[in-house]
Every structure is written in structure tokens, then in C-alpha cells.
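Data block below; observations after.
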Amino acid sequence: MIDINLIRENPELVKANLKKKFQDKKLPLVDEIAELDKRKRALQAEGDNCRAMRNTLAKNIGLLMRDGKKEEAEEAKRISKENNDRVARIEEETAEIETRLKTAMMSIPNIIADDVPVGRDDSENVQGKVFLEAKEKPFDVPYHLDILESLGGIDLDAARRTSGNGFYYLTGDIARLHSAVLNYARDFMIDKGFTYCIPPYMIRSDVVSGVMSFEEMEGMMYKIDGEDLYLIGTSEHSMIGRFMGTVLSEDSLPQTLTSYSPCFRKEKGAHGIEERGIYRIHQFEKQEMIVICKPEESEDWYEKMWNYTVELFVSMEIPVRQLICCSGDLADLKYKSCDIEAWSPRQKKYFEVGSCSNLTDAQARRLGIRYKNSKTGKNEFAHTLNNTVVAPPRMLIAFLENHLQPDGTVYIPEVLRKYMGGKSKIELKN
RNA sequence: GCAGAGAUGGCGGAGUGGUCGAACGCGCACGACUCGAAAUCGUGUUACGGGCAACUGUACGGGGGUUCGAAUCCCUCUCUCUGCGCCA
């Protein structure tokens, strides 16, 4: 949600932003909001006067009653009642206008960064920096499920029986590797100065609607039957929710946190679970990082954050690149965003393994995350950012494909060995 | 799950129908003292909104009600604490 002052003072900027995001159909909303806002303020002035009147009248009645002037008090009560009817009418209209205004404001996207490339959809995203050479293998790289099966690391049949499509059992060294990657990533982030956090895996609906749009909620979130609780789709939800409605002291910023959680997603809609394997599933685990900081620091943190992910992957000897999200592919809450993509030697292309976003104050405004600015003495909205450190099932695909040896074993890079009992490779089954 | 108590500013915590946006304390800001600091003393300090301004409105967990008037009374929901039960 953007600051309504922007629409009051610079509606052209908001419109230009909509055009850059190819959301031209929302253009009339800007003028509509300006009108509603005007009407709301007029009502407010009128209502304020009526309420001021009510307060004065009520005070007088108190005094009259005290002095025992019964009749005068009764007359004042009658006048007050009339005035209250008017207040009620005004408040009714105000409530209606506010609802419309809020709905409209919610669908106005955050102002995007100047350096976001303009493009219609994900096909126009732009490659950023590339890290490590993306080499082709001198042999055919099998589909990741076949690699997993050859290593005795997965049981999809059983998972389908117990839970249906979109779930898996990981076993043996593969399960251990999965945990190893998470543990390594956790320690990696702790070494970067982040605070490790294990958050709730279920959150209430008011938190959910604060951190995402209604459509996202429908398509992603699992609801617990009979309770006002949802399974989190990412720990970002509970991590950011932690600060809902709070005023942080300036010296407690930046909050730099890294969290572990399972993530639960319906994966409804256009893409769905059409792919065989573990690329898109209902339940996976993820190490996440979030930062809450002062506005002037968020650009720097954004750069640092996506680079941490790159550094992590490079340390595991997996080639990656930054893919810069274009204006049309940017979710409405985002100021800028990029994906980190890992190299797939099988597909001979990169695929998404993580996503880093700076939401500036848009998310903080929705959730009421503020900090006391010591210079102005005012409570101001903080900036929020989030980034994937690593999500093992997806990273496992990259890992297996990149570290597969000609003999079918899988190489374990140095940094992970202490989490794998010193092993340097994963052997074939039997 | 049952019973009782409770939810008030950045924090702790008074306040049980009008003079309460809210005592007091902590914290914070500024000033004095000091070579400087600590301690001490003084002043200020709830938030959000409308208005050029004077000024003004709203908010005491959420929602609804009673009343001319609600932090205060009633209903309801949520949460927290204490005891009991249940389960690791």
C-alpha cells in the first residue's frame, strides 16, 4: 500500500508507475481515489464539527444536572439527540467511503525503483550478473528424479499413498544432504551477523491478509479447519508478522533475521503441479532471511541480501545468475526484486532457486511496522526486505545435476562435508 | 477442556459514568551542573487523522449495545495470566 499523500500531491507519478507495470486498467482508480479522499475529508470536517458539538452539549448537560436545572437539561438532551442523528448519518457515509477507498488503495502497486527494467511479464526479465561458469556435462544428465532414485533417496509412491501428489519421502544420504544444506545455510547466515529464528508455522488470518493479497491467499494458503489459523507459505509470513503493529526503537534497527521453517503451498492456478519430481510441491523447507531497516538503508540491504545467496551457492560450487525482475512481473507490493537462478546442466538453462525483494514501506504500512525516527521525533514506516537463503528441494535439483559424476555418484563440496559425517560423495544404491 | 483474574502510551502501572488522553514510575529528548562522563536537578514527551492557521476529531484488546455523555455499565469474540484437568 502506498502513501495516499502521493496520490494527493503527485498523481501523475502514480499513473506513470501503473503504465510502467502495464496495469493501465487501474489508471481510473487514481482519480477515483483522489475524489473519494476529497469526499472523505469533507465528511471528516463536517463530522468533526458535529462531534465537537456533541462533546460540548454533553458537558453542559453534566453541569446542568449538577446544578439541579432539570428542565434545561432535558431540553439540551433533546437537541443533543438530534445532533447525534446527524453524526450517525455522517459516520455511515464515512464508513462506506473508507471501505471503497481502502479497497482501491490496496490495488495500487508500490512505486517501483527507477532501475527496474520495463517489461510486460517474466519473459522480459533481464539477466544480471553471472557467477561461476555454467559448464555442460560431458555426459547426459538424467532427470533429477532418476538421479534421486539411483541413489535410493526418494519414495514418491509411498508419499502419494499417504498424502497425495506433491509430497515426497526423502531417505538416507539425500535426506541427510537436505538437512546438511539447511544447517550449512543457517550457519552461513549466522556468520553474516543474522539472528537465527524458528517461527510459528501457523498464523492467524489477520496476519495473512497483512502480508499478502487476497488472491495470493486463496492460491497459496492452507487453512486449519475450525480454527482461525493458516499454515505458513514461507517463514517470511510469520517473521514479518512478528513486528505487526509495533514501533521499533531506532537503535534496534536493522533487524536482520534468518529463519527456518517448512512451507506449505496449495500451488493452485496457472502453473499447478504439472511437473513430475520435486520442483513444485505442497510442502518444502526453507531457510529465509528478512531485514527490517530504516528507509535510507534498504537499497544497500537489498544488494547485500541477494549477494549472500549467491555467495552461498558459489561456496557449494553451483553456478548461478541474478535475474532482474521487470516491471510487469513485479508483485504489487514490491519496489524491486530479483531471482537467483541456478544452472541446470540437464536443461542447459537457469532455473529459479530463490527470490529477493525490497518492499520499501508498502508492507510496513499495511502491517503498521514503524520506528521512532530520532531526527524528526516521528514514528515512521520501516522498510522490509526478504530473500530466500536456500530452499533445499529446489536447490537439491541443482545440486544433483551439477555434482553428478560420470560414474553416477554425486560429489559433495567441501563446505557441506562436516554436516555429512565427512563424506565427499553420495554412493549409488547397492 | 473447566474455574477465576486480566488486556490502558515505547515499557511498567493507576484510574469503576461527566472536571480522563489518562496519575505515578521507567525510558527517551533537551537544558543545568562537569574538563568530560556517571549520578543529580529542571523542562518536555501517547498515537493517528482533518485544517494555512486558530483549532478540532478519533482511539484505553476487536466488534456490537445502553446513555445526552463510556477506559469505566451490558453482550460478544480474541488473546494473556493463575489454579485444576489432560498430555509429554
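Here is how names work: the chains are called A, B, and so on, in the same order as the sequence lines, proteins then strands, and each is numbered from 1.
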Close N/O contacts between protein and nucleotides 55-64 of chain B (under 3.5 Å):
from   : atom 1 : to     : atom 2 : distance (Å)
G57(B) : OP1    : N55(A) : ND2    : 3.3
G57(B) : O4'    : D48(A) : OD1    : 3.4
G57(B) : O3'    : R51(A) : NE     : 3.4
G57(B) : O2'    : D48(A) : OD1    : 3.0
G57(B) : O2'    : R51(A) : NE     : 3.1
U58(B) : OP1    : R54(A) : NH2    : 3.1
U58(B) : OP2    : N55(A) : ND2    : 3.4

Going by the salt bridge (charged side-chain N to carboxylate O under 4.0 Å, His left out) test, name the single residue among R89(A), K40(A), R39(A), R86(A) that passes it with E46(A).
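The passing option is R86(A).
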Using the [atom1] atom on both, measure [N] against [M] and round to a whole Å.
N	M	atom1	value
G12(B)	G27(B)	C1'	10 Å
A14(B)	G9(B)	C1'	13 Å
C20(B)	G1(B)	C1'	40 Å
C77(B)	U67(B)	C1'	24 Å
A39(B)	U56(B)	C1'	43 Å
A38(B)	A29(B)	P	11 Å
G21(B)	U58(B)	P	10 Å
A32(B)	A23(B)	C1'	27 Å

Nucleotide nearest R8(A) when distance is taken to its side chain, options G50(B), C68(B), A47(B)
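Minimum distance to the R8(A) side chain belongs to G50(B).
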Given U78(B), A47(B), G10(B), which nucleotide is nearest the side-chain atoms of R204(A)?
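From the listed options, U78(B) comes nearest.
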Below 4.0 angstrom, N of the basic side chain to O of the carboxylate: do [X] and [Y] qualify?
X	Y	value
E380(A)	K378(A)	no
R120(A)	D329(A)	no
E267(A)	R280(A)	yes

Toss me the dot-bracket line for RNA chain B: Watson-Crick and G-U wobble, both under 3.5 Å, 5' to 3', using | for pairs to another strand and [ ] for crossers.
((((((((.[[[..)..(.....]]]((((((.......))))))(((((....))))).[[[[[..)....]]]]])))))))....
Taking atom types as modelled, is there a side-chain donor on Q363(A) or N110(A) under 3.5 Å from an acceptor on the other?
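No, N110(A) and Q363(A) have no side-chain donor paired with an acceptor closer than 3.5 Å.
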Under a 3.5 Å cutoff, is there a donor and acceptor pairing between the side chains of N387(A) and Y302(A)?
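Side chains of N387(A) and Y302(A): no pair found under 3.5 Å.
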Under 4.0 Å between any heavy atoms, over every strand shown, what does N379(A) touch: base, sugar-phosphate, or nothing? Just pick one.
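Sugar-phosphate: the residue N379(A), judged by heavy atoms under 4.0 Å, touches backbone atoms but no base.
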Check every strand shown and say whether K40(A) touches a base, only sugar-phosphate, or nothing at a heavy-atom separation below 4.0 Å.
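No contact.
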Specify the separation, in whole Å, of atom CG of D206(A) and atom P of C77(B).
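Value for this atom pair: 18 Å.
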